[in-house]
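Everything on this sheet refers to the single structure shown next.
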Amino acid sequence: MKITLSVIKADIGGYVGHSSSHPDILAEAQRCLEKAKKSGLLIDFHVTRCGDDLQLIMTHEQGVENERVHKLCWDTFVSGTEVAKKLGLYGAGQDLLSDAFSGNVKGMGPGVAEMQFEERKSEPVIVFMADKTSAGAWNMPLYRTFADPFTTIGLVIAPNMHSGFSFEVHDVKETKKVTFSAPEEIYDMLVFIGAPSRYIVKAVYSREAGNIAAVTSTQKLSLIAGRYVGKDDPVCVVRCQGEFPAVGEVLEPFALPHLVEGWMRGSHHGPLMLVSIPQSNPSRFDGPPRVVAAGFQITGGKLVGPRDMFDDPSFDEARRQANRIAEYMRRHGPFEPHRLPLDEMEYTTMPQVSKKLRGRFVKLD
Ligand code: 13P
Ligand code: 13P
Ligand code: MG
Ligand code: MG
């Protein structure tokens, strides 16, 4: 059976500030998607959150970028925004950058990661969701899972993974894409994906059979809105086992809390801290950035799960390390490299301050 797994998310209001989500928002989304499941549009769904971002995880047979599924999500975000407004939640409707739905939520603010595939006899998938960071945060973990044998021993010892994976990379500034083959082209690829604010891994495919292995949301809110409206807070879906890396090989890269963009006012670098879903409440300096992982077995299109994959004491050391890095980075205050470099600050107050002071700058002798 060919099924589509769609993960569509938006920040439609924070509780309190940008730190978390109000239960009434999740209940409203649950109500909307329950109706869609009864109508037959969805096979199954799971509503969850990461920090202040509402996550709609859905299975159906409509294919990717389906207008009815996207409209369902848009309408769910709009009715959730009404609840957020009534509760006076912070930034109600924050990520809904357009007034009217026009066929597809891509480019309207919400983040979208969708894949269609033939369901295997056993289909384990992991849905990663992050808060207080930007699209591109998945570049390093995806590289390490699908191209680095120090993470994924399966690349060495599993015959069906030995031919490697191909990476579809998007240039989000010039809206172009390119595909690289790993392992042969990893050096070329790293030139680009090592700059994750511009070059973002959109999808990964197994080269043996050409099947889709992973997909991410690449929507950049600042590029859509032309100003700062909150961070992208991206999602990523990864299929596991068999011809793909094992569950533990997919989780392993997150044991390094790598530095990502985001945190306070979306304008800082900080460690991506892996946490259980109930602990995804970024509070210290509105962070540090968080990542959660919901695991499912997809069976007959049904989402059997979730298992809260980072709810495991074996990751405690990574969390401690993230806290130590967070402390070190925080001590830099308003200085780079804690604060983002100038070109990334163009969507904040920086241009206004520059304009105000333009006349005060005099030529050096
Ligand atoms: P089991 O023997 O528990 O099925 O695990 C196999 C495996 O490959 C784990 O990575
Ligand atoms: P969000 O992108 O999660 O809404 O956070 C915005 C922010 O400014 C945090 O300080
Ligand atoms: Mg917010
Ligand atoms: Mg958020």
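Side chains are part of it too, since the values below use all heavy atoms of this structure and drop only hydrogens, waters and symmetry mates.
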Okay, side chain of [X], backbone of [Y]: is any donor-acceptor separation there less than 3.5 Å?
X	Y	result
E208	S163	no
D52	G14	no
R144	F254	no
H70	V105	yes
D232	L221	yes
T59	G301	yes

Problem - side chain to side chain contact (heavy atoms under 4.5 Å, CB included) between F285 and M329, intermediate numbers included - result: CA-CA 11 Å; F285 198 57; M329 295 300 284; over 6 Å; no

For [X] versus [Y], what's the shortest heavy-atom pair and its separation?
X	Y	value
L142	A214	CD2-CB, 4.1 Å
N139	I193	ND2-O, 3.0 Å
T81	A92	CG2-C, 4.0 Å
P271	A326	CG-N, 3.8 Å

Practice task
Compare all side-chain heavy atoms of E28 with those of E82 and state whether any distance is below 4.5 angstrom.
Solution key: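 No, every pair of side-chain atoms sits at 4.5 Å or beyond.
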
Exercise for the section: Taking the side chain as every heavy atom from C-beta outward, state whether K37 and D44 have any atom pair closer than 4.5 Å. Expected result: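 Touching, per the 4.5 Å side-chain cut-off.
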
Exercise for the section: Test V7 against every option in L56, V215, I57 by the side chain to side chain contact (heavy atoms under 4.5 Å, CB included) rule and name the one that passes. Expected result: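 The option that passes is I57.
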
Problem - Among H269, H268, K132, side chain to side chain contact (heavy atoms under 4.5 Å, CB included) partner for E261 - result: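 Output: one option passes, namely H269.
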
Practice task
Classify the angle between the aromatic ring planes of F315 and F310 as parallel (below 30°), tilted (30 to 60°) or perpendicular (above 60°).
Solution key: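 Perpendicular.
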
Handout entry: Y90 and H18 aromatic ring geometry - parallel, tilted or perpendicular at 30°/60° bounds
Key =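 Plane angle over 60°, so perpendicular.
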
Cluster check [X], [Y]: I/L/V/M/F/W/Y, side chain < 4.5 angstrom:
X	Y	answer
L190	F146	yes
F45	V237	no
I298	I43	yes

